[in-house]
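Notes follow the structure.
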Amino acid sequence: DAISEEERVRVLFLGTTPTRTLGGGMYQNSIIESAGGVSVSRGLPSSGWSDVNLEQILLWDPEVIVIAPYGPVEPSTLMEHPDWQSVSAVASGRVVRMPRLIAPIDTAVPESLLGIVWMASILYPEITSLDLVQELTAFYETYYDLTLTEEEIDLFSIP
């Protein structure tokens with residue numbers, strides 16, 4: 001069944017600081033939309049990263065916050081900060097950092113297909129039918145001739 005626009009999970013994707021997010025023209029918006037979410041920052045005019053303030057983030061009130069797999073921002077950066085406690089994603093504990101094995105899976109690389117599968121698993125764990133471990137294993141074996149270790153697979157585990 002298709003998810004209506006009103007039912008889609010609102011996602012804030014953060015970059016290298018807690019208030020740096022996607023401009024409307026960035027590739028990561030496509031990953032979010034392909035996974036069934038709505039990027040709360042998709043209306044920003046920039047085709048690059050945009051700096052916003054916490055007030056704007058509170059107005060967007062994302063249900064999930066995804067942090068890029070590069071830079072110093074970690075989920076605890078937001079979860080432990082008192083100013084972020086009113087954001088729905090923080091209040092419900094739905095703040096995650098995107099995994100990375102070889103290339104950042106939020107960029108225009110073949111691994112971004114895994115980024116879509118991973119994000120769908122984060123946004124809709126109750127209805128996502130793809131087996132993430134099976135997809136990871138097949139992808140890296142097929143395209144990199146790489147057999148993943150348990151530790152590498154664990155990088156993609158869903159919190």
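- Distance check: I3 CD1 to R8 CZ gives 6.0 Å after rounding to the nearest 0.5 Å.
- The closest side-chain heavy-atom distance from S41 to L22 is below 4.5 Å.
- No donor-acceptor contact under 3.5 angstrom links the side chains of Y140 and D145, judged on distance only.
- The other residues sharing a hydrophobic cluster with I65 are L12, L14, V40, L44, V52, L54, I57, L58, W60, I67, V73, L78, M79, W84, V87, V90, V95, where clustering joins ILVMFWY side chains under 4.5 Å apart.
- Ion pair R97/E74 flagged as a salt bridge, since at least one NZ, NE, NH1 or NH2 atom sits closer than 4.0 Å to an Asp/Glu carboxylate oxygen.
- Listed for the R94 side chain is a donor-acceptor partner under 3.5 Å among the backbone atoms of L123.
- The two residues G23 and S50 come nearest to each other via the heavy atoms CA-OG, 4.0 Å.
- In this structure the side chain of L148 never reaches within 4.5 angstrom of the side chain of F139, judged on heavy atoms.
- Under the 3.5 Å distance criterion, with hydrogens and angles disregarded, a donor-acceptor pair is assigned to the side chains of E111 and Y144.
- T128 places a side-chain N or O within 3.5 Å of a backbone atom of A120 that can act as its donor or acceptor partner.
- Judged purely by atom type and a 3.5 angstrom limit, Q134 has no side-chain atom pairing as donor or acceptor with the backbone of L130.
- Nearest heavy-atom pair across V9 and Y124 is N-OH, 2.9 Å.
- The CG atom of L155 sits 11.5 Å away from atom CD of E150, with the distance rounded to the nearest 0.5 Å.
- Side-chain N/O atoms of D61 and S88 include a donor and acceptor closer than 3.5 Å.
- For the residue pair Y27 / S112, a side-chain donor-acceptor distance below 3.5 Å is found, with atom types taken as modelled.
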Between W118 and V96, is a side chain to side chain contact (heavy atoms under 4.5 Å, CB included) present by the stated rule, with each step listed?
-> CA-CA 11 Å; W118 176 85; V96 295; 3.6 Å; yes
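- Between S46 and G48, the shortest heavy-atom contact is OG-N, 2.8 Å.
- Take T137 and apply the side-chain contact (heavy atoms from CB on, under 4.5 Å) test, not counting sequence neighbours, and it matches V133, E141, I153.
- Two residues are said to be in side-chain contact when any heavy atoms from C-beta on lie closer than 4.5 Å; E5 and V38 meet this criterion.
- Residues P99 and P69 share a closest heavy-atom pair of O-CB, 3.7 Å.
- Going from atom OG of S121 over to atom CG of D131 covers 9.0 Å, rounded to the nearest 0.5 Å.
- D51 is listed as a side-chain neighbour of T17, based on a closest heavy-atom distance under 4.5 Å.
- S157 contributes a side-chain N or O that, together with a main-chain N or O of D154, makes up a donor-acceptor pair within less than 3.5 Å.
- A donor-acceptor pair under 3.5 Å is formed between the side chain of T21 and the backbone N or O of F13.
- Closest approach of T77 to P18, counting heavy atoms only: CG2-CG, 4.0 Å.
- Atoms CG and OG, from N29 and S34 in turn, are 10.5 Å apart once rounded to the nearest 0.5 Å.
- Side chains of I32 and M119 form a contact here, defined as non-hydrogen atoms less than 4.5 Å apart.
- The CD1 atom of I105 sits 5.0 Å away from the CZ atom of F156 when rounded to the nearest 0.5 Å.
- Contact check for P104 versus V109: no side-chain heavy atoms found under the 4.5 Å cut-off.
- Of all the heavy atoms in A91 and Q85, the pair that sits closest is CB-O, 3.8 Å.
- Remark: S39 OG to E33 CD distance equals 7.0 Å, nearest 0.5 Å.
- Within the 4.5 Å cutoff, the side chain of V11 has no heavy atoms near those of the E63 side chain.
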